[in-house]
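First up is the structure itself, then whatever we jot down about it.
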Amino acid sequence: SAKDRGPSTVAAYDSRLHAEALDRLELRADLQRAIFQNELVLHYQPTVELETGRITGFEALVRWQHPVRGLLSPASFVPMAEETGLVVQLNTWVLFQACRFAAVLQNDWRRPTMSVNISAQQLVRTDFVEQVNRALSESGLSADRLTLEITESVVLQDLEDVVPRLSQLRDRGIRVAIDDFGTGYSSLAYLTELPIDVLKVDKSFIDRVASDAQGASVTEAIISMSHTMNLSTVAEGVEVAEQAAWLRQVRCPIGQGYYWSRPVDENGVHDLLTRPTNELGGSADLVSYRA
Ligand code: C2E
Ligand code: MG
Ligand code: MG
Ligand code: MG
C-alpha cells in the first residue's frame, strides 16, 4: 500500500544520498592520486578556418582515465576539483602537458596554436604569469602559439588583479580568449576594457542559427560586434553543414565542433594534420544557406 511505500521510499532516498556522498569523497581522494599517477589525459579538438577548412589550432580538453570508472569527462570532476582547490594542480599539469605537445606540433607548416582552459583559482594566483612563462620556456613553445581561454565570469570576478596580469601575458604575445561568450549575464560594455584577442561564441548561440531567425540575428550581432572590436571570432559547437555555411556567410572566421572533429588523442591530432584539408567537413560542403 501507499502507507508502506512512503517510509521505504524515504529510506531508499537517504541511502542513495549517502552513497552519492561516499562516491564524492572517494572521487576526491582519487583525483588527488590521479594527478600524480598519470591518470589524466588530454584530448585535443581542432579549430578550423571556415573559408578554407584549414586547421588553425587545437584546444586541450582534459579527461580522467579512471582505473575503475573508465574515461571520465571534465564535467564529472572539474567542478569537484574547483571546490577542493585541486584544480590549480590539475590545470598546471594541463598547461605544461599542452605546451609540450604544442611544441611538437610547431614542426607542422600550419604551426597550430594551442588553447588551454584557465580557471579562476589559477588566474588569481600571484605566480600565474611566472607559471605560464615557465611552461613556455620548458616546452620551447613560442608564446604566439598559446591561447588562454577564460570565461567572462572569471575575468569580471577580480578585474583589478586579472586585467594587468592578462596584459602582461599579451605583451609577450600570448593570446587571450573569452570562452563560452554570451552565457554570462554581464553587459557588453566591459568587453572593450578587457585585454583580449578572441571571442568564443557559446554553442547555445550556434545551435539556433539554422532553425530560428531571431536566434540567428542575435548570433550575427555578436559576430559583427566581435569584428568591430578587432577580435577574432570562434563559433563553438558547430555540428552540421548548415551551421558552417551560415557562419561563412556572416563572415565568422573560425569554427570548432563535431562537424569537423570531436576531441581526439595525440595520434588523432597527427592523423588530422596529415589528412588533406578537403577531407575535413569544412571545405567539402558547398551548401548555400539563405537566412
Ligand atoms: P569548453 O572549454 O567550452 O570546451 C568545449 C566543450 O564542448 C568540450 O567538452 C567539447 O568536447 C564540447 N564540444 C565541442 N564541439 C562540440 C559539438 O559540436 N557538440 C557538442 N555537443 N559538444 C561539443 P568537454 O571536453 O566535455 O569539456 C567541457 C568543459 O570542461 C570545457 O568547456 C571546459 O570548460 C572544461 N574543461 C575542459 N578541460 C579543462 C581543463 O583542462 N581545465 C579546466 N579548468 N576546465 C576544463
Ligand atoms: Mg574552452
Ligand atoms: Mg568553450
Ligand atoms: Mg562551451
Side-chain angles (χ1 to χ4, degrees), residues 31 34-35 39-48 50 57-65 71-102 113-125 128 131-132 135 146-155 175-184 196-210 222 232-244 247 254-265 268-269 272 280-282:
L31 180 57
I35 297 170
E39 287 175 19
L40 298 178
V41 287
L42 290 183
H43 282 186
Y44 302 90
Q45 188 180 34
T47 49
V48 171
L50 276 153
F58 293 89
E59 177 176 3
L61 296 158
V62 71
R63 278 94 182 86
W64 179 2
Q65 184 64 66
L71 193 67
L72 301 180
S73 76
S76 64
F77 63 91
V78 168
M80 182 196 59
E82 299 265 6
E83 280 168 36
T84 56
L86 276 173
V87 73
V88 175
Q89 282 171 62
L90 181 136
N91 273 4
T92 303
W93 179 86
V94 170
L95 178 67
F96 278 73
Q97 188 72 11
C99 286
R100 186 200 56 75
F101 184 52
T113 60
M114 182 59 73
S115 291
V116 178
N117 294 286
I118 300 298
S119 77
Q121 290 180 60
Q122 216 177 351
L123 198 58
V124 297
R125 289 174 66 101
F128 179 66
Q131 196 180 78
V132 174
L146 180 64
T147 303
L148 304 176
E149 295 194 4
I150 297 157
T151 60
E152 318 168 50
S153 56
V154 166
V155 185
R175 302 206 302 163
V176 177
I178 296 291
D179 202 358
D180 302 336
F181 181 75
T183 56
I196 57 174
D197 307 279
V198 182
L199 214 61
K200 296 191 76 171
V201 182
D202 191 66
K203 178 178 184 300
S204 55
F205 292 92
I206 310 309
D207 285 344
R208 300 167 67 188
V209 299
I222 292 174
S232 177
T233 316
V234 180
E236 291 187 325
V238 179
E239 291 182 341
V240 294
E242 286 72 18
Q243 293 169 334
L247 288 162
I254 296 166
Q256 183 178 20
Y258 294 172
Y259 175 55
W260 294 282
S261 171
R262 295 197 172 232
V264 294
D265 64 13
V269 168
L272 285 173
L280 280 184

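Read the numbers this way: they start at 1 and go in the same order the structure lists the ligands and their atoms.
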So for [X], does at least one of its heavy atoms come nearer than 4.0 angstrom to any atom of ligand 1?
X      : answer
Lys203 : yes
Arg262 : no
Lys200 : no
Ala75  : no

Taking all non-hydrogen atoms of both residues, which atom of [X] and which atom of [Y] are closest, and how far apart?
X      : Y      : result
Ile206 : Gln243 : O-NE2, 3.1 Å
Pro46  : Arg262 : CD-O, 4.4 Å
Thr92  : Gln131 : OG1-NE2, 3.4 Å

Could you list which atoms of ligand 1 come closer than 4.0 Å to a heavy atom of [X]?
X      : answer
Glu236 : 3 (O)
Val238 : 18 (O)
Pro263 : 11 (O)
Glu239 : 17 (C), 18 (O), 19 (N), 20 (C), 21 (N)
Val94  : 41 (O)

Counting only heavy atoms, which portion of Thr151 has something under 4.0 Å from ligand 1: side chain, backbone, both, or neither?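 The answer is neither.
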For ligand 1, note which part of His43 has a heavy atom under 4.0 Å away: side chain, backbone, both or neither.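 Contact part for His43 vs ligand 1: neither.
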Going by distance only, is there an N or O of [X] that falls short of 3.5 Å from an N or O of ligand 1?
X      : result
Asn117 : yes
Asn91  : yes
Val62  : yes
Asp179 : yes
Arg63  : yes
Gln45  : yes

Check [X] and report its N/O/S atom nearest to the Mg ion (ligand 3), by atom name.
X      : result
Glu236 : OE2
Asp179 : OD1
Asp180 : OD1

Evaluate the side-chain proximity of [Y] to [X]: yes if any heavy-atom separation is below 4.5 Å, no if none is.
X      : Y      : result
Leu272 : Trp260 : no
Glu236 : Asp180 : yes
Glu239 : Lys203 : yes
Val48  : Tyr259 : no
Leu148 : Phe128 : yes
Asn91  : Ile118 : no
Val41  : Gln97  : no
Asn117 : Leu61  : yes

Identity of the nearest option to atom 35 (C) of ligand 1, non-hydrogen atoms only, from Ala235, Pro74, Ser76: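 Among Ala235, Pro74, Ser76, the closest heavy atom to atom 35 (C) of ligand 1 belongs to Pro74.
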Shortest heavy-atom approach to atom 4 (O) of ligand 1 - which of Leu40, Leu61, Leu42: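 Considering heavy atoms of Leu40, Leu61, Leu42, the nearest to atom 4 (O) of ligand 1 sits in Leu61.
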Donor-acceptor contact below 3.5 Å, side chain Gln89 vs main chain Leu86: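 No; judged by distance alone, with no hydrogens or angles, the pair does not exist.
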Mark yes or no for whether Asp197, through its side chain, and Val176, through its backbone, hold a donor-acceptor pair below 3.5 Å.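 Confirmed, Asp197 side chain pairs with Val176 backbone.
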Using only N, O or S atoms, tell me which atom of Glu149 is closest to the Mg ion (ligand 2).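 Minimum-distance N/O/S atom of Glu149 relative to the Mg ion (ligand 2) is OE1.
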Return the name of the atom in Glu59, of element N, O or S, nearest to the Mg ion (ligand 2).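 This residue's closest N, O or S atom turns out to be OE2.
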What's the separation between atom CH2 in Trp93 and atom CG in Leu40, rounded to the nearest 0.5 Å?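 So the CH2 of Trp93 and the CG of Leu40 are separated by 5.0 Å.
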Take the angle between the ring planes of Tyr44 and Phe101 and call it parallel below 30°, perpendicular above 60°, tilted in between.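 Ring orientation of Tyr44 relative to Phe101: tilted.
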Metal proximity, Asn117 vs the Mg ion (ligand 2), N/O/S cut-off 2.8 Å: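 Coordinating: yes.
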